[in-house]
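To start, the structure itself, in structure tokens.
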Amino acid sequence: MVCRGCCCGTKKKRPGVDHKGQWRRLKSLRDDEGRDVPARTSDCLGICFQANVVVVHPSSRGREAGARPVWLGDVTSDSLVDAIDGWVAAGGPGVSEVPTALTDHVTSKDAKKPKKDKKSKKGKKEKKGKGKK
């Protein structure tokens with residue numbers, strides 16, 4: 001499942017990313033038995049601050065092993081798509097470990113947006129006030 005709503009998959013939110021190319025690659029993935037992996041898009045997966053979001057669902061073997069879908073955030077580089085491709089080809093969740101390249105990108109549907117540092121807000125207010133007299 002690939003998020004392609006208001007934030008994910010847009011140049012406005014993530015400039016410099018080939019969103020269309022990324023989608024083409026993700027929808028052409030094959031599993032460990034050489035079968036096409038069904039790929040779908042979602043208008044919003046709800047954790048927009050981690051755009052681009054990709055959810056890798058386990059295969060039937062993975063589900064039999066008790067695996068659950070793995071949520072990945074900030075999937076914005078070709079190397080991350082390569083890692084997803086390799087992981088899916090190796091069996092994906094429940095069959096193969098999450099690749100090292102993806103471990104820092106594992107998130108959840110319940111992820112909370114980090115709160116902004118109060119010091120940085122205070123600094124912004126001071127900067128705004130300096131220019132006015």
Side-chain angles (χ1 to χ4, degrees):
M1 175 77 65
V2 180
C3 188
R4 285 296 184 255
C6 67
C7 298
C8 294
T10 66
K11 290 184 188 289
K12 181 179 178 183
K13 177 79 173 192
R14 296 293 186 179
V17 176
D18 180 6
H19 299 285
K20 289 178 182 177
Q22 193 180 68
W23 168 239
R24 277 192 303 276
R25 287 198 55 212
L26 289 168
K27 70 179 183 177
S28 68
L29 297 182
R30 295 188 172 275
D31 68 11
D32 58 333
E33 295 181 19
R35 299 175 298 204
D36 290 337
V37 174
R40 298 174 290 165
T41 60
S42 171
D43 283 339
C44 185
L45 290 171
I47 54 172
C48 303
F49 68 97
Q50 291 188 341
N52 292 340
V53 178
V54 176
V55 182
V56 181
H57 291 268
S59 64
S60 53
R61 272 191 333 165
R63 284 190 302 277
E64 288 170 8
R68 306 287 304 149
V70 176
W71 288 61
L72 302 168
D74 297 314
V75 179
T76 56
S77 72
D78 288 340
S79 64
L80 294 173
V81 176
D82 291 343
I84 293 169
D85 185 1
W87 185 32
V88 168
V95 176
S96 178
E97 293 293 319
V98 174
T100 304
L102 296 175
T103 55
D104 288 344
H105 295 270
V106 173
T107 186
S108 78
K109 64 180 178 181
D110 300 319
K112 301 290 184 219
K113 185 174 184 176
K115 294 189 182 210
K116 291 187 178 182
D117 184 16
K118 289 182 181 182
K119 289 180 184 177
S120 64
K121 282 184 180 178
K122 192 175 185 179
K124 283 183 181 178
K125 287 180 183 176
E126 288 174 5
K127 285 183 182 177
K128 285 182 180 177
K130 283 185 180 180
K132 295 179 182 179
K133 289 187 178 185

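Start at 1 with the first residue, then count along the sequence.
With rounding to the nearest 0.5 angstrom, the CD atom of Glu97 is 11.0 Å from the OG1 atom of Thr103. Atom CG of residue Leu72 and atom SG of residue Cys3 lie 12.5 Å apart, to the nearest 0.5 angstrom. Interatomic distance, CD1 of Ile84 versus CG of Leu29, reported as 8.0 Å (0.5 Å rounding). To the nearest 0.5 Å, atoms SG (Cys8) and CG (Asp43) are separated by 11.0 Å. One distance of note links NZ of Lys13 with SG of Cys48; it measures 6.5 Å at 0.5 Å rounding. Of the inter-residue distances, the one linking Lys20 atom NZ with Lys11 atom NZ reads 8.0 Å to the nearest 0.5 angstrom.
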Practice task
Tell me, with the steps shown, if Arg40 and His57 meet side-chain contact (heavy atoms from CB on, under 4.5 Å).
Solution key: CA-CA 11 Å; Arg40 298 174 290 165; His57 291 268; 4.2 Å; yes
Exercise for the section: Test side-chain contact (heavy atoms from CB on, under 4.5 Å) on Arg61 and Asp32 and set out the steps. Expected result: CA-CA 11 Å; Arg61 272 191 333 165; Asp32 58 333; 2.3 Å; yes
Practice task
Start with the C-alpha gap between Asp82 and Arg25, add the side-chain angles, then the distance that decides, and say whether side-chain contact (heavy atoms from CB on, under 4.5 Å) holds.
Solution key: CA-CA 9 Å; Asp82 291 343; Arg25 287 198 55 212; 2.4 Å; yes
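In this structure, Ser59 and Gly91 approach most closely via the heavy-atom pair OG-O, 3.9 Å. In this structure, Ala39 and Lys27 approach most closely via the heavy-atom pair CB-CA, 3.6 Å. Between Gly9 and His19, the shortest heavy-atom distance links the atoms CA-ND1, 3.2 Å. Minimum interatomic distance between Ala67 and Pro58 (heavy atoms only, all atoms of both residues): O-CG, 3.6 Å. Contact record, Pro93 with Arg68: CB-O, 3.9 Å, taken as the closest heavy-atom pair. Contact record, Thr76 with Asn52: CG2-N, 4.1 Å, taken as the closest heavy-atom pair.
Enclosure of atom CG in Asp78 is not indicated, since only 12 or fewer non-hydrogen atoms of other residues, nucleotides or ligands lie within 6.0 angstrom.
Cluster annotation: Trp23 is not connected to Val17 through the hydrophobic network of ILVMFWY side chains, with a link wherever side-chain heavy atoms come within less than 4.5 Å. With hydrophobic clusters built from ILVMFWY side chains whose heavy atoms lie under 4.5 angstrom apart, Val81 shares a cluster with Val106. In the hydrophobic clustering of ILVMFWY residues, with side-chain heavy atoms under 4.5 Å counting as a link, Trp71 and Phe49 come out together. Hydrophobic clustering, with ILVMFWY side chains joined whenever heavy atoms are under 4.5 angstrom apart, groups Val88 together with Val98. Val70 and Leu26 fall within a single hydrophobic cluster, where Ile, Leu, Val, Met, Phe, Trp and Tyr side chains are chained together by heavy-atom contacts under 4.5 Å.
If you run side chain to side chain contact (heavy atoms under 4.5 Å, CB included) between Ser77 and each of Val75, Leu80, Asp74, only Leu80 comes through.
A salt bridge links Asp36 to Arg30: at least one charged side-chain nitrogen sits closer than 4.0 Å to a carboxylate oxygen.
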